[in-house]
Amino acid sequence: MSGASLSPVLKQATPVVVDHAAGSWIHGTDGRRYLDFTTGIGVTSTGHCHPDVVAAAQEQCTKIIHAQYTTVMHQPLLRLTERLGDFLPDGIDSVFYANSGSEAVEAAVRLARMATGRQYIVTVQRGFHGRTVAAASLTTAGTKFSAGFGPLMSGVATTPFPDALRLGMTTDDAVDHALKEFDYLLATRLSPSELAAVVIEPFLGDGGYLAVPPAYLAGLRERTARHGALLVLDEVQAGVGRTGRFWGHQHTDGLVPDVIITAKGIASGFPISAIAAPEAIMAKAWPGSQGGTYGGNAVAAAAGVATLDVIEREGLVENSRVRGAELLDGLRSGLAGIDQICDIRGTGLMLAVEFGDPTANAGGPRAIEAARLASSVQQACIDEDLLTLTCGPTGSIVRLIPALVVTADEVVTGTERFVRAVRRVVEM
Ligand SMILES: Cc1ncc(COP(=O)(O)O)c(C=O)c1O
């Protein structure tokens with residue numbers, strides 16, 4: 001008997017094997033203590049193993065673990081729904097639960113098609129919406145998310161992102177350009193009468209930690225409403241306080257989407273996701289059209305309620321805004337004058353440092369060198385006992401995603417470690 005090993009399809013960004021973790025810190029089996037600025041890709045919103053979240057999950061485990069929600073209903077899901085209602089925009093009052101972000105994206109696609117009776121989903125270039133085949137069909141944050149297992153789902157068209165940095169344009173010009181291209185798509189590829197929904201992240205996640213300009217989101221809102229299509233906001237990464245507001249789209253004044261997709265930070269690490277929409281939209285799908293064995297798990301839902309309570313009680317959305325601004329300032333001053341860095345940006349605790357020349361050809365040697373730099377910095381951070389991740393279509397960006405409970409001292413420590421790692425790489 002030789003035992004089994006993990007599949008090589010899993011690619012791990014660090015060599016760390018976790019022994020235990022608390023707050024912003026991960027303790028490895030190697031005896032080292034890492035400052036975690038990855039939070040499981042933006043998931044452990046209240047930090048690792050927040051005592052209230054642990055207690056809620058432990059208590060729920062003694063009552064019922066799996067109360068299958070198409071068979072029996074359980075109290076944590078009813079409580080979570082009520083609690084989520086305190087954070088959802090007015091009128092978005094009906095919630096369906098799944099397990100992962102990808103599943104929720106698929107649920108939103110199903111809902112949009114059933115509610116409108118139309119087929120086409122428009123997705124925005126550089127968006128990341130997940131790895132299941134339908135979610136990957138909406139993903140244009142890099143070919144690594146779809147290469148080799150096509151054909152992908154049909155009925156998807158892509159419209160350009162207002163990519164000011166990459167196009168070397170002002171934001172206003174990039175928004176104008178992208179909205180014209182969206183209108184052109186509806187004049188050349190699919191008729192507005194076939195458009196079920198536009199799906200967009202309010203802040204690009206894996207596509208590069210970039211804010212979507214409010215004028216672009218507002219432009220899409222106006223157009224989807226005019227064409228009788230839905231505006232679906234994928235808040236899986238940007239939602240739940242990550243950007244210093246509870247929802248990422250709240251940075252666009254007055255924007256009310258038709259569907260919100262949430263996951264990740266909602267339950268501090270327990271797998272649960274949701275789509276939320278007005279009851280009138282949800283009611284257009286037939287009962288039983290959505291479901292699943294594990295969706296809306298009782299322990300995850302109890303952890304979700306505790307997570308929302310902690311976020312509110314500890315003022316974590318505000319902490320995200322304040323600590324994020326401190327981290328951004330620290331990075332900007334610590335990394336000033338490094339030619340290989342083209343942009344240091346962030347909103348709340350969704351921060352990024354981009355390397356190379358963003359206007360360079362994506363397949364060319366300068367883009368490859370930028371990706372090498374970003375990857376070297378991410379690896380050098382591990383030597384500093386700081387965990388970070390890369391992102392972006394060509395891998396030229398290092399992202400920092402601290403827990404919403406991160407303290408001012410931890411921000412200083414993280415900044416110092418990151419700056420040391422970057423300097424070591426660029427001075428090599
Ligand atoms: C914006 C966004 N949507 C969807 C997903 C997919 O979520 P999951 O990995 O839970 O399937 C992710 C994951 O990173 C994401 O960031």
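The chain is numbered in sequence order, starting from 1.
Here R33 does not pair with D19 in a salt bridge; the nearest charged N to carboxylate O distance is not below 4.0 Å. Taking a cutoff of 4.0 Å between a charged side-chain nitrogen and a carboxylate oxygen, D309 and R83 qualify as a salt bridge. Here R321 pairs with E318 in a salt bridge; the nearest charged N to carboxylate O distance falls below 4.0 Å. By the 4.0 Å N-to-carboxylate-O rule, E235 lies too far from R242 to be salt-bridged with it. Using a 4.0 Å cut-off between charged side-chain N and carboxylate O, R223 and D183 make a salt bridge.
In this structure, T394 OG1 and R166 CZ are separated by 10.0 Å, a value rounded to the nearest 0.5 Å. Rounded to the nearest 0.5 Å, atoms CZ (R221) and CG (L231) are 5.0 Å apart. The CG atom of D234 sits 11.5 Å away from the CD1 atom of I275 when rounded to the nearest 0.5 Å. Put simply, CG on D36 and OG on S24 are 7.5 Å apart, with the number rounded to the nearest 0.5 Å. Here the straight-line distance linking atom CG of L217 with atom CD of E201 works out to 11.0 Å at 0.5 Å rounding. Here CG of L327 is found 14.0 Å from CE of M350. Values are rounded to the nearest 0.5 Å.
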Point to revise | CA sep, side-chain torsions, deciding dist, call: T39, L349, side chain to side chain contact (heavy atoms under 4.5 Å, CB included) | key: CA-CA 11 Å; T39 46; L349 288 168; over 6 Å; no
Practice item. Begin with the C-alpha distance, continue with both residues' side-chain angles, and end with the deciding distance and a verdict on side chain to side chain contact (heavy atoms under 4.5 Å, CB included) for V426 and I341. Key: CA-CA 10 Å; V426 297; I341 291 175; 5.9 Å; no
Practice item. Give the intermediate values and the outcome of side-chain hydrogen bond (donor to acceptor under 3.5 Å, both in side chains) for residues Y184 and R189. Key: CA-CA 8 Å; Y184 197 60; R189 176 66 186 89; over 6 Å; no
**Study point:** T243 vs T347, side-chain hydrogen bond (donor to acceptor under 3.5 Å, both in side chains): CA-CA, chis, key distance, verdict
**Key:** CA-CA 5 Å; T243 67; T347 309; over 6 Å; no
Exercise for review: Could you walk me through whether F203 and L210 pass side chain to side chain contact (heavy atoms under 4.5 Å, CB included), step by step?
Suggested key: CA-CA 6 Å; F203 284 73; L210 265 173; over 6 Å; no
Check your understanding: Are R372 and E369 close enough, and set up right, to give a salt bridge (Lys or Arg N to Asp or Glu O under 4.0 Å), and what steps lead you there?
Key -> CA-CA 5 Å; R372 189 197 65 76; E369 171 56 14; 2.9 Å; yes
Exercise for review: Just do the side chain to side chain contact (heavy atoms under 4.5 Å, CB included) check on V317 and I311 with the steps written out, would you?
Suggested key: CA-CA 7 Å; V317 177; I311 288 176; 3.8 Å; yes
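Residues Y216 and T159 come closest through the heavy atom pair OH-CG2, 3.6 Å. The heavy-atom pair separating L152 from A136 by the smallest distance is CD1-O, 4.3 Å. When all heavy atoms are compared, the tightest approach of S273 to G101 is CB-N, 4.2 Å. Minimum interatomic distance between A303 and V53 (heavy atoms only, all atoms of both residues): CB-CG1, 3.9 Å. Summarising the geometry of P278 relative to D258, their closest heavy-atom pair is CD-O, 3.1 Å, with the distance given to 0.1 Å. Closest heavy-atom contact between V259 and L111: CG2-CD2, 4.2 Å.
Ring centroids of F128 and F145 are separated by less than 6.0 Å, placing the two rings close together.
With respect to E384, the salt bridge (Lys or Arg N to Asp or Glu O under 4.0 Å) criterion is satisfied by exactly one of R417, R424, R32: R424.
In terms of modelled atom types and a separation under 3.5 Å, the side chain of R399 and the main chain of L389 share no donor-acceptor contact. A donor-acceptor pair under 3.5 Å is absent between the side-chain atoms of H227 and the main chain of A229, judged by distance alone. Between the side chain of S191 and the backbone N or O of A187, no donor-acceptor pair lies under 3.5 Å. The main-chain N or O of G130 is never found under 3.5 Å from a side-chain atom of S102 such that the two would form a donor-acceptor pair. Listed for the R345 side chain is a donor-acceptor partner under 3.5 Å among the backbone atoms of Y209. The backbone N or O of P202 sits nowhere less than 3.5 Å from a side-chain atom of H251 that would complete a donor-acceptor pair. Listed for the R245 side chain is a donor-acceptor partner under 3.5 Å among the backbone atoms of Q250. Put simply, the side chain of K284 never gets that close to the backbone of T116: no donor and acceptor are under 3.5 Å apart. A donor-acceptor contact shorter than 3.5 Å is absent between the side chain of Q125 and the backbone of F161. The backbone N or O of E279 lies less than 3.5 Å from a partner atom in the side chain of D93, making a donor-acceptor pair.
Side-chain contact between V353 and V422: absent, with no pair of heavy atoms (C-beta onward) separated by less than 4.5 Å. The closest side-chain heavy-atom distance from V406 to L35 is not below 4.5 Å. A 4.5 Å side-chain heavy-atom check between T262 and V236 finds every atom pair outside the cut-off. Annotation: side chain of I26 is in contact with side chain of V16 (closest heavy-atom distance under 4.5 Å). Side-chain contact between T123 and I200 is absent, with no heavy atoms from C-beta onward closer than 4.5 Å. At least one side-chain heavy atom of L84 sits less than 4.5 Å from a side-chain heavy atom of Y97. Residues L400 and F418 are in side-chain contact: their nearest non-hydrogen atoms beyond the backbone lie under 4.5 Å apart.
Using cut-offs of 30° and 60° for the angle between ring planes, the H20 and H27 rings count as parallel.
In the displayed structure, E326 atom CD is contacted under 6.0 Å by more than 12 heavy atoms of other residues, nucleotides or ligands. More than 12 heavy atoms of other shown residues, nucleotides or ligands fall within 6.0 angstrom of atom CD in Q340. In this structure, D86 places its CG atom where more than 12 heavy-atom neighbours from other residues, nucleotides or ligands lie under 6.0 Å away.
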